[in-house]
Amino acid sequence: MLKNKPEFDAKYKEHLIRKILDLKRKTNALIVAHNYQRDEVQELADITGDSYALACEVKKAVEQTIVFCGVKFMAESAHILSPEKTILLPVEEAGCPLADMVTVEKLREQKAKYPDAAVVCYVNSPAMVKAESDICCTSSNAIKIINFLKEKQIIFVPDKNLGRYVAERVPGKEIILWDGYCTVHMRLTKEEVIKTKKLYPEAEFIAHPECREEVLSQADYIGSTAGMLKYVLGSEKKQFIVGTEIGIIYRLKRDNPEKTFFVPTEQFICANMKLTTLGWIARSLEKMVYKIEVPENVARGARKALERMLEASK
Ligand code: 13P
Ligand code: SF4
């Protein structure tokens, strides 16, 4: 088997970064990256953040071309909120299995069953489903959004774990859950968390609300990726067990060089998030691919649901 020499890898990385920066200048593009992206992609990006922060950043950006290093539903939301901008997703296949667990047809059936309910749609969903919903939410504002609604009955799609987590914190509301889940966060079990806690008894356990209920019951802090970054920065603790995709560890370490982070499972990797590499970003800017465009007849309804969310979370 042929192996690259480390110095070759480093030179190639340097070459790609130079190429990207040159193309970025020529096209006047902005590169944004989700907190789960590869270390070198986060390092290169102009802005990193959770799905809520990135949606806001793209909307207020002055650049007309955005390279969105993330997954498809995020790039779709960016285009819905900023239809005048060119939104590029470097890898066309970078999707989200959770987003694919809800369809408009099934949602319509549920709406017919509960005609008085409001539909709250987690942003990890297709544009068509957003268009069929009353309001969107992300993991950082879900509780606020549900409390903002006057309806007592809520159909929450598609993540059952986030939905259940929210339901326990919004008294007086009936949350009708959908049977969707993140295939990555579902991999973590309570036993793995307990085992890791025994190894590092001083460590706090921080978890994303997409984790199983039994896992969340073990957590010292539950929140979005941005919430976790904020929590660790403000904490006096020195060790943390991280209950979300490992990409977040890049920022955790960068922001907290004196703190240590442990992963409770080796399987906390979102293959879709890891598809984006420096090579694909360079290609994206060179060929201006892949343009993510949501047809205006769908975007109109989805924009209403997303903008209502932005307004309600102010
Ligand atoms: P955040 O909203 O925390 O960015 O999470 C998005 C996501 O895909 C979680 O799996
Ligand atoms: Fe989708 Fe889960 Fe990957 Fe997030 S971590 S993008 S919810 S598959």
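Whatever order the structure lists them in is the order used to number ligands and atoms, beginning at 1. Model, not experiment: these values are computed from the prediction. Values below: all heavy atoms of this structure, side chains included; hydrogens, waters and symmetry mates excluded.
- Between the side chains of Glu214 and Ser217, no donor-acceptor pair is found at a separation under 3.5 Å.
- A salt bridge between Lys238 and Glu202 is absent, with no side-chain N of the basic residue lying under 4.0 Å from a carboxylate O of the acidic one.
- Remark: of the listed residues Glu57, Gln42, Arg251, Arg251 is the sole one forming a side chain to side chain donor-acceptor pair (under 3.5 Å) with Thr48.
- Heavy atoms of Tyr36 found under 4.0 angstrom from ligand 1 belong exclusively to the side chain.
- Remark: ligand 1 atoms within the under-4.0 Å shell around heavy atoms of His185 are 10 (O).
- Taken to the nearest 0.5 Å, the OG1 atom of Thr65 stands 11.0 Å off from the CD1 atom of Ile31.
- Short contacts between ligand 1 and Thr225, defined as distances under 4.0 Å to a heavy atom of the residue, involve ligand atoms 1 (P), 3 (O), 4 (O).
- Here the rule is side chain to side chain donor-acceptor pair (under 3.5 Å) with Thr244, and of His208, His185, Glu210 only His185 fits it.
- Remark: Glu307 engages Lys59 in a salt bridge, criterion side-chain N to carboxylate O under 4.0 Å.
- Protein heavy atom nearest atom 2 (O) of ligand 1, with residue, atom name and distance: Ser51 OG, 2.7 Å.
- With values rounded to the nearest 0.5 angstrom, Thr196 atom OG1 is found 10.5 Å from Gln218 atom CD.
- Of the heavy atoms in Thr138, none comes closer than 4.0 Å to ligand 1.
- Between the side chains of Thr225 and Asn35, at least one donor-acceptor pair of N or O atoms lies under 3.5 Å.
- Of the protein's non-hydrogen atoms, His34 NE2, 2.6 Å is the one closest to atom 4 (O) of ligand 1.
- For ligand 2 and Glu210, the ligand atoms under 4.0 Å from any heavy atom of the residue are 2 (Fe), 7 (S).
- Around atom 10 (O) of ligand 1, the closest heavy atom drawn from His208, Glu210, Met228 belongs to Glu210.
- Residue-ligand proximity, Ser224 to ligand 1, at heavy-atom distances under 4.0 Å covers atoms 3 (O).
- Proximity of a side-chain donor or acceptor of Asp255 to a complementary backbone N or O of Leu252 within less than 3.5 Å is not detected.
- When Asn124, Val184, Thr244 are checked for heavy-atom proximity to atom 8 (O) of ligand 1, Asn124 turns out nearest.
- Atoms of ligand 2 found under 4.0 Å from any heavy atom of Asn124 (numbered from 1 in listed order, with element): 7 (S).
- Atom 3 (Fe) of ligand 2 has Cys270 SG as its protein N, O or S neighbours under 2.8 Å.
- With Lys274 as the fixed residue, the salt bridge (Lys or Arg N to Asp or Glu O under 4.0 Å) test singles out one of Glu245, Glu40, Glu93: Glu245.
- Close to ligand 1: Ser139, with a non-hydrogen atom less than 4.0 angstrom away.
- Contacts between Glu245 and ligand 1 below 4.0 angstrom, taking non-hydrogen atoms only, are absent altogether.
- Ring centroid separation for the pair His79 and Phe68 does not come in under the 6.0 Å cut-off.
- Annotation: the span from Cys69 atom SG to Ile47 atom CD1 amounts to 11.5 Å, rounded to 0.5 Å.
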